[in-house]
K.L.:
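Next up is a structure, given as structure tokens.
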Amino acid sequence: MSYTALYRKWRPVGFDDVKGQDHIVQTLKNQIISGRIGHAYLFCGTRGTGKTSIAKIFARSVNCENPQEGSPCGVCPSCQAIAGGASMNVVEIDAASNNGVENIRDIREQVQYPPTEGRFRVYIIDEVHMLSIGAFNALLKTLEEPPSYVIFILATTEVHKIPVTIMSRCQRYDFKRIPAEIIGDRLREVAKAEKIAIEEKAVQYLAKAADGAFRDALSLMDQCIAFHFGETLTYEHVLNILGAVDQTVFSQMFNAVVGKRTKDCILLLEEMIIQGREMGQFVNDYIWYLRNLLLVQSAQDAAGLVDMSEENVKQLLEDAKKINGNTLIRQIRVLSELSNQLRHASQKRILIEIALIKLTKPEMEVNIESLLERIASLEARMEEGPVTSFSVQGSAGNADRAGENLEEETFQAMPSAKAAPSPPRQVVIPKAQMEDLQLIRNEWGNIVRQMGMSVRPSFRGTVVEPGGDNCLCIVFLDPVNYAIGSRPSVIGDIERYIEEHYQKSIYLKTRQAGSEEQLTTMYVSDEELKEKIHIDRIEIEEE
């Protein structure tokens with residue numbers, strides 16, 4: 001006798017055997033018991049959740065001679081004929097290969113004849129979304145007003161492709177994904193009945209890998225049993241067969257990424273390739289690991305939300321302390337984009353290596369998430385360093401400099417380490433500009449303190465210089481700080497703050513200082529050339 005696959009051998013034969021779809025089973029049983037049977041049903045949901053199985057059970061139940069609380073008895077001639085595929089009352093059609101108008105016309109001709117035995121003729125149309133538009137139109141009238149002895153059961157995995165005119169004529173039932181706990185219980189029952197020795201950890205992984213589908217779980221277990229026939233099916237065996245990776249590897253990869261150890265990431269990836277792991281599965285499982293880290297960080301008592309052993313949850317909690325949420329979201333985004341690319345890529349390894357380099361070197365990406373991560377890294381290094389400060393001094397200058405075009409002013413080059421520092425330049429500006437400059441420079445520390453914590457550090461080391469009538473220019477020394485602080489929204493907030501608190505309508509612009517510029521230019525008003533102007537030193541510090 002030929003071997004029967006587990007998912008076929010253990011297909012439910014009665015409503016009591018169906019697990020995880022209680023809301024649908026109870027409704028159908030009540031309809032059968034009360035006799036309130038509809039003429040058209042639409043079963044929709046992901047693969048392997050029991051749509052076809054329940055349709056066949058329902059077909060046997062409505063024709064059963066002795067139904068037991070809505071379920072088929074399984075012993076009467078009608079039940080046995082339908083179960084054996086010998087009944088003319090139940091017609092199962094695959095719409096993927098029978099999707100033309102002529103196929104639906106054949107059904108319309110058949111429904112004119114009542115059943116030779118039993119009460120109902122049941123038409124089960126699987127993957128009904130594959131029907132052509134013409135076939136759907138041909139089905140409309142028959143579906144709306146079929147003979148009293150005809151029942152249509154339409155099954156689909158893509159309900160959004162079903163025309164509204166068809167859906168409105170059916171009772172719709174949405175099949176849920178089966179929880180991993182219920183799938184695990186079923187796998188244990190099957191293993192016990194088949195006399196298969198299997199580790200509990202292996203059962204849990206198979207249930208999780210099935211992604212809510214009973215059929216997938218049984219097919220995966222069948223595959224693993226065939227490879228290790230006669231042996232105890234262990235967790236390591238399952239990992240080897242499915243090309244999956246143990247969670248400890250994800251923790252190692254995560255710590256290498258957090259530590260910016262690009263070489264370790266590449267070597268770990270190479271080890272996975274040598275072991276024959278499937279690269280797409282590796283990326284998806286690592287994204288799931290990062291998702292668990294984000295859950296642990298974001299939700300209180302989130303240990304119940306992750307399906308892991310206590311040992312792995314403990315490791316997860318330790319890893320979650322090493323990274324912030326924004327960085328985790330960025331890593332998930334990068335890897336999710338990678339997962340989409342891998343589906344049609346011929347060089348998967350290269351794409352994964354590029355993604356790992358992006359994770360360890362955020363400066364390679366130009367976006368807000370990467371800049372925030374780089375700022376956080378810079379802040380960590382600068383916590384113990386001195387705060388950048390600047391001093392502004394006025395001095396008598398040459399009268400022939402008055403009226404010089406300030407837009408063309410440049411800084412003198414910074415002196416070398418061995419050379420004596422060059423004297424600061426002296427620039428004459430109108431009195432009104434000098435007053436604005438003095439006011440903003442004196443209050444610059446207070447103004448910066450009003451900025452948000454994510455923006456404030458980018459103004460460390462900035463210098464304010466004249467920019468023209470009612471205009472000042474903010475000079476940034478660091479390119480990363482310039483990228484953050486020069487955004488229009490940030491500058492607009494500063495302008496509004498100055499106008500609100502100092503009653504000054506000042507336009508601000510920004511620029512980045514050159515690598516060898518020195519910020520020692522001294523400004524003096526044209527009315528006070530002969531007086532020494534002194535402005536106190538200002539330090540910008542975090543609160």
Side-chain angles (χ1 to χ4, degrees), residues 3-11 19-20 47-48 177-256 267-293 296 303-319 348 352:
Y3 176 73
T4 303
L6 290 180
Y7 80 87
R8 294 180 58 198
K9 183 177 180 180
W10 291 92
R11 183 189 291 272
K19 307 296 181 182
R47 69 194 186 284
R177 291 180 182 269
I178 314 299
E181 296 80 8
I182 297 178
I183 294 179
D185 292 340
R186 184 62 170 172
L187 291 179
R188 295 183 193 95
E189 293 177 6
V190 172
K192 183 177 180 181
E194 296 286 330
K195 297 180 180 180
I196 298 168
I198 182 172
E199 285 185 353
E200 178 61 25
K201 196 174 181 181
V203 171
Q204 294 176 2
Y205 188 84
L206 287 171
K208 180 181 176 182
D211 194 24
F214 263 132
R215 183 172 64 237
D216 289 3
L218 290 172
S219 295
L220 291 174
M221 188 170 74
D222 210 354
Q223 179 182 353
C224 295
I225 293 171
F227 191 86
H228 295 281
F229 183 73
E231 305 177 29
T232 299
L233 190 59
T234 65
Y235 176 65
E236 288 73 19
H237 291 162
V238 172
L239 292 179
N240 289 332
I241 297 299
L242 302 184
V245 181
D246 191 12
Q247 178 170 305
T248 56
V249 177
F250 299 131
S251 181
Q252 294 173 13
M253 180 66 77
F254 170 78
N255 282 279
L267 291 176
L268 191 56
L269 176 64
E270 184 177 1
E271 183 180 346
M272 295 297 100
I273 294 174
I274 293 173
Q275 293 179 5
R277 307 302 187 187
E278 207 282 315
M279 290 294 95
Q281 184 67 34
F282 170 76
V283 172
N284 291 333
D285 288 346
Y286 186 52
I287 293 174
W288 194 259
Y289 181 78
L290 295 179
R291 170 260 187 191
N292 290 339
L293 285 176
V296 169
L305 300 177
V306 294
D307 186 18
M308 294 182 178
S309 64
E310 294 182 4
E311 214 173 88
N312 290 335
V313 169
K314 184 178 179 181
Q315 181 63 49
L316 198 70
L317 292 171
E318 292 178 2
D319 288 345
K348 295 184 178 182
I352 297 175

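Small disclaimer: the values here were computed from a predicted structure and weren't measured.
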K.L.:
Of all heavy-atom pairs between L268 and V249, which one has the smallest distance, and what is that distance?
P.N.:
CD2-O, 3.8 Å
K.L.:
For the residue pair L206 and C224, what are the closest heavy atoms and their distance?
P.N.:
CD2-SG, 4.4 Å
K.L.:
Out of curiosity, I196 CD1 to L6 CG, how far, rounded to the nearest 0.5 Å?
P.N.:
6.0 Å
K.L.:
Given I225 and M221, is the side-chain contact (heavy atoms from CB on, under 4.5 Å) satisfied, shown in steps?
P.N.:
CA-CA 6 Å; I225 293 171; M221 188 170 74; 3.8 Å; yes
K.L.:
Output all residues satisfying side-chain hydrogen bond (donor to acceptor under 3.5 Å, both in side chains) with E194, sequence neighbours left out; order by chain, then residue number.
P.N.:
K9, W10
K.L.:
For R11, what residues pass the side-chain hydrogen bond (donor to acceptor under 3.5 Å, both in side chains) criterion, not counting sequence neighbours?
P.N.:
S53
K.L.:
Considering non-hydrogen atoms only, spot the tightest contact between I183 and A217 and give its length.
P.N.:
CG2-CB, 3.5 Å
K.L.:
Under a 4.0 Å N-O cut-off, is there an ion pair linking E189 with R186?
P.N.:
yes
K.L.:
Which pair of non-hydrogen atoms, one from L316 and one from L293, has the smallest distance, and what is that distance?
P.N.:
O-CD2, 3.4 Å
K.L.:
Work out which heavy atom in I198 is nearest to a heavy atom in A191; give both atom names and the distance.
P.N.:
CG2-CB, 3.9 Å
K.L.:
Please evaluate residues K348 and F282 with respect to the criterion side-chain contact (heavy atoms from CB on, under 4.5 Å), reporting the C-alpha separation (whole Å), side-chain torsions for both, the decisive distance (0.1 Å), and the verdict.
P.N.:
CA-CA 11 Å; K348 295 184 178 182; F282 170 76; over 6 Å; no
K.L.:
Mind checking side-chain hydrogen bond (donor to acceptor under 3.5 Å, both in side chains) for R188 and listing every partner two or more places apart, or none if nothing turns up?
P.N.:
D185, E200
K.L.:
Heavy atoms only: give me the nearest A210-L220 pair and the separation to one decimal.
P.N.:
N-CD1, 4.4 Å
K.L.:
Which pairs count as salt bridge (Lys or Arg N to Asp or Glu O under 4.0 Å) when at least one residue sits in residues 216-238, sequence neighbours excluded?
P.N.:
R47-D216
K.L.:
With sequence neighbours excluded, tell me which residues meet salt bridge (Lys or Arg N to Asp or Glu O under 4.0 Å) with K19.
P.N.:
none
K.L.:
With sequence neighbours excluded, tell me which residues meet side-chain hydrogen bond (donor to acceptor under 3.5 Å, both in side chains) with T232.
P.N.:
none
K.L.:
Rounded to the nearest 0.5 Å, how far does CD1 of I274 lie from CG of L269?
P.N.:
10.0 Å
K.L.:
Where do L290 and F250 land on the side-chain contact (heavy atoms from CB on, under 4.5 Å) test, with the steps shown first?
P.N.:
CA-CA 9 Å; L290 295 179; F250 299 131; over 6 Å; no
